[in-house]
Amino acid sequence: MLAIFRWHCKYIWRPIDMDREQQMTNNSNLVGRFAPSPSGRMHLGNIYAALMSYASVKSRGGRWLLRIEDLDKSRCKREYAEQIIDDLRWLGLVPDLGASASTDDSAYYQSNRDEVYNEYFEQLRKRGLLYECFCRRNEINVASAPHASDGHVVYGGTCRILTEAQRNELRNERKPCWRIRMPDEVDEFTDGKYGLQRENLATDRGDFIVRRADGNFSYNLAVVVDDALMGVTEVVRGCDLLTVSHEQRYIYKNIGYKAPHYCHFPLLLSTNGSRLSKRDHSLALDVLRTHYSPEDVIGMIAWLVDLQPSNQRMTAQKFVQAFDWQKIPQNDIVVNIDV
Ligand code: GLU
């Protein structure tokens, strides 16, 4: 049995009208992507994310790219990535580009792309946009106030003003991470679902990490470099990443690429109000694949997001045909599933 409730999404939105004509036009220059992290088996929330990015771009004749975001080598595993590809195939979601779309797809695994990220990191560093930060996480939390709208912690800028002598001294004590300087200016863009987004880069977002102290590049840097180089024209993902788009747009601007169109969707939440996660075992794909067909799962999601009035089975192809951004609700959706 599946029960759904609606919750208010914490973001303020201004809905915009998507041009239906434009939605249906074939355009192979459009590239959408799904970028999962292979840190476990997919669950209903991941399938929903995959379907939304797939249907959004496919409904306009574009191509769908799969990128495996296995930057965090300690948590991600190759076998999980292979399982994701198999689960997507089971659902009928076959990528046109990227991982699994060709025999040599290694360039679509972030774990193989450090050299590429390093090139852009160096580009930003040489332009004086980056600085070393020696602060520990607990020091940052004490020194900074969470940003009012989403609890995001704005870095206070302690290490922005260090002298070279101070830096030298600190380098003997600990390894620094690298942050990008955010200017005191407003960034504005129109999200396809949540409308006008406006934040001050310095005071609302703050200097953020592009390379961690362990040498790994951050999600924000890698995702932008990849989306830019892979020709991604639209980024469709959960609305928990709506505000981080400002940081990502700032990187786009500074590596000389045009930012993609963003379209965020409401989250699926578990009954305790948290985002669906791997802890919701009953919603993991191994359980779902035992009890349901792909059409059951896709139909359920279509119903949850108002693409059909009742819980009827649906193929991926039918989901694409039924897809309409205007019907997708803006409020997060609580899912109570009993398999
Ligand atoms: N790997 C990220 C995730 O799984 C992707 C985020 C994005 O779509 O930008 O949350």
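Whatever order the structure lists ligands and atoms in, that order sets their numbers, starting from 1.
Note on ring orientation: taking the six-membered ring where Trp is involved, the planes of W325 and F265 are parallel (angle under 30°, cut-offs 30° and 60°).
Formation of a donor-acceptor pair under 3.5 Å by the K193 side chain with backbone atoms of I328 is found in this model.
Residues F121 and S218 are not in side-chain contact: their nearest non-hydrogen atoms beyond the backbone lie 4.5 Å or more apart.
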*Would H261 and F189 satisfy ring-ring contact (aromatic ring centres under 6.0 Å, His included), going step by step from the backbone distance to the final call?*
CA-CA 9 Å; H261 173 63; F189 70 96; 9.1 Å; no

_Evaluate D87 against R289 for salt bridge (Lys or Arg N to Asp or Glu O under 4.0 Å), listing each step before the verdict._
CA-CA 9 Å; D87 286 337; R289 274 178 80 157; 2.6 Å; yes

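Closest protein heavy atom to atom 1 (N) of ligand 1: E69 OE1, 2.6 Å. The protein heavy-atom contact nearest to atom 3 (C) of ligand 1 is A35 O, 3.9 Å. Distance from atom 8 (O) of ligand 1 to its nearest protein heavy atom, with residue and atom name: R33 NH1, 2.6 Å.
Listed by atom number, the atoms of ligand 1 under 4.0 Å from R237 heavy atoms are 7 (C), 8 (O), 9 (O). Every atom of ligand 1 with a heavy atom of Y219 under 4.0 Å away is listed here by number and element: 6 (C), 7 (C), 9 (O). Those atoms of ligand 1 that come under 4.0 Å of a heavy atom in L241, given as number and element, are 6 (C), 7 (C). Which parts of ligand 1 touch S37 is read off a 4.0 Å heavy-atom cut-off, strictly below it: atoms 1 (N), 4 (O). Counting atoms of ligand 1 from 1 in the listed order, those under 4.0 Å from a heavy atom of V223 are 9 (O).
Placement of V223 and Y262 within a single hydrophobic cluster is found when ILVMFWY residues are connected by side-chain heavy-atom separations under 4.5 Å, directly or transitively. Note on L285 and Y80: separate hydrophobic clusters, where clusters join Ile, Leu, Val, Met, Phe, Trp and Tyr whose side-chain heavy atoms are under 4.5 Å apart, directly or indirectly.
Ligand 1 has no nitrogen or oxygen under 3.5 angstrom from a nitrogen or oxygen of P36.
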